[in-house]
2 protein chains.
Amino acid sequence: MSDAPTAKGRATRARIVEGAAQVLREQGVAVTTLDDIRSRTGTSKSQLFHYFPDGKSELLLAVARFEADRVLEDQQPYLGCLDSWQAWRQWRDVVVERYERQGDSCPLGALFLQVGRSSPGARAIVTELMRQWQRQLAHGMRALQANGLVPAALDVDRTAAALLAGIQGGVTIMMSTGDSTHLRAALDTGIEHLRASGAESGATTGAEGKAGAGPT
Amino acid sequence: MSDAPTAKGRATRARIVEGAAQVLREQGVAVTTLDDIRSRTGTSKSQLFHYFPDGKSELLLAVARFEADRVLEDQQPYLGCLDSWQAWRQWRDVVVERYERQGDSCPLGALFLQVGRSSPGARAIVTELMRQWQRQLAHGMRALQANGLVPAALDVDRTAAALLAGIQGGVTIMMSTGDSTHLRAALDTGIEHLRASGAESGATTGAEGKAGAGPT
DNA sequence: CCCAGTCTGGACTTGCTGGTCCATTTTTTG
DNA sequence: CAAAAAATGGACCAGCAAGTCCAGACTGGG
């Protein structure tokens, strides 16, 4: 991947990717040209093709990877330790805040649409991101189970999948409408479903409601 | 909008839109040219610009409208009368089936990405679609409330928003991964949440579980 | 200091695609 | 039937953006 022989080379390559990511966020993939990226990053055509021999598609793929990495990073450290209701709430806030700030640009989505299903690379990036994301959500739910805040009977994987879908859809809708209502609704309802599942099965403590609102 | 003076004209226009929709589904927006559409629909360049004076963007917008209309139509008649658990289940099946058949192409999403936030028209189409969709879901939930299957205390609008987000996200993820697990999870969890909400508030019958699986 | 490999600059080519234009045919209408 | 309006065919144009190429400038090791 980043087999740049020289430190300078590696730096330039990184500069290109970061700059390209910026431009793509601002203008959208469809209308961004190599010249836009070139001028933004202060590089020449030959450099672009030096570091990305396969041209634009390869560059876009690199940017996609870059963006995909950011997604989970931006949710840390909260996403990493969802073991209390408070932690879930904090994570929720971070997600909402992150995407509201991002506004109506969906770097990864757009990138994926552009590079398209044709490229196995793009698909792999997104698939991997989703898997990791869902895994961390599921992990958090299991932590709740371990703490007795959620009944062990809960189908963690399915619930995590649903929550992830809700987030994705919320972001999608926000991109279209500029309104984050759906994202919030998805997150809140998802977490609420977790809480309610305790009442539903009725097997566990029955005190999750209070315990959740309170301490770690 | 469709102010074509002649019947023949209207037919041609419709043929163009439908053909374009097909091509766009097959190849994706990014790589589809006017010539592709031209050859598919058996029309000439002048016709394209005769019926869509503003060129490609106007044509894409028309296709977006066309696709948006299909979305809700394809869910009928189920989406229209979600007044029993059985109806909800049938609707769920139709949605899953529809999107699984559609596979990894998301006409509207792609179209929207292409025409982009720049165009107020595109945004309006998507926004309107979402509103209608959510409205029908909310309407269905209220019907459940009226039948005493769901407590009146339920925040219908927020729950509908969350469910819609889940669907959108499920479709998005399916597009990327080719797997409909998330879509199913979102739908099932969403409906389950509706059911569980009865137990949660504990105010109503308490028999929804059985009643749901059963009649009507 | 020199040489090999790396990095950089930027002019140039090339293919394609959206869009224009006008001539011709078909349809409508009075 | 004739004239006007609509519909159609397809050649043509212009611009743009991806990709090529080669010359020249660094850099680091011997």
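Just so it is clear: chains get the letters A, B, ... in the order the sequence lines come, proteins before strands, and each one is counted from 1.
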| request: May I have the step-by-step check of side-chain hydrogen bond (donor to acceptor under 3.5 Å, both in side chains) for Asp35(B) and Thr33(B), ending in yes or no? | output: CA-CA 5 Å; Asp35(B) 266 357; Thr33(B) 79; 5.3 Å; no
Over how many whole Å does the gap from [X] atom [atom1] to [N] atom [atom2] extend?
X        : N       : atom1 : atom2 : answer
Leu34(A) : dC16(D) : CG    : C1'   : 12 Å
Asp35(A) : dG19(D) : CG    : P     : 12 Å
Lys56(B) : dG15(D) : NZ    : C1'   : 15 Å
Phe52(A) : dT8(C)  : CZ    : C1'   : 15 Å
Leu48(B) : dA11(D) : CG    : P     : 16 Å
Arg38(A) : dG9(C)  : CZ    : C1'   : 10 Å
Leu59(B) : dG19(C) : CG    : P     : 10 Å
Ile37(B) : dC16(C) : CD1   : P     : 18 Å

Return the set of residues passing salt bridge (Lys or Arg N to Asp or Glu O under 4.0 Å) with [X] (not counting sequence neighbours), or none when no residue passes.
X         : answer
Glu18(A)  : none
Asp74(A)  : Arg98(A)
Glu100(B) : Arg184(B)
Asp69(B)  : none

Could I get a table of every N or O pair under 3.5 Å where one atom is in the protein and the other is in nucleotides 8-10 of chain D?
from: dT8(D); atom 1: OP1; to: Thr12(B); atom 2: OG1; distance (Å): 3.3
from: dT8(D); atom 1: OP2; to: Thr12(B); atom 2: OG1; distance (Å): 3.4
from: dT8(D); atom 1: OP2; to: Gln47(B); atom 2: NE2; distance (Å): 3.0
from: dT8(D); atom 1: OP2; to: Tyr51(B); atom 2: OH; distance (Å): 2.9
from: dT8(D); atom 1: O5'; to: Gln47(B); atom 2: NE2; distance (Å): 2.7
from: dG9(D); atom 1: OP2; to: Gln47(B); atom 2: OE1; distance (Å): 2.9
from: dG9(D); atom 1: N7; to: Ser44(B); atom 2: OG; distance (Å): 3.3
from: dG9(D); atom 1: N7; to: Ser46(B); atom 2: OG; distance (Å): 2.4
from: dG9(D); atom 1: O6; to: Ser46(B); atom 2: OG; distance (Å): 3.3
from: dG10(D); atom 1: O6; to: Ser46(B); atom 2: N; distance (Å): 3.2

| said: If the cut-off is 4.0 Å, is Thr6(A) near the phosphate of dG5(C), judged by side-chain N/O to OP1 or OP2? | reply: no
| note | Which of dA7(D), dT20(D), dG18(C) is nearest the side chain of Phe49(A)? It is dT20(D)
Per-pair distances, 0.1 Å, donor-acceptor, side chain in residues 158-170 of chain B, under 3.5 Å, sequence neighbours excluded:
from: Arg158(B); atom 1: NH2; to: Glu192(A); atom 2: OE1; distance (Å): 2.5
from: Arg158(B); atom 1: NH2; to: Glu192(A); atom 2: OE2; distance (Å): 3.4
from: Thr159(B); atom 1: OG1; to: Asp155(B); atom 2: O; distance (Å): 2.7

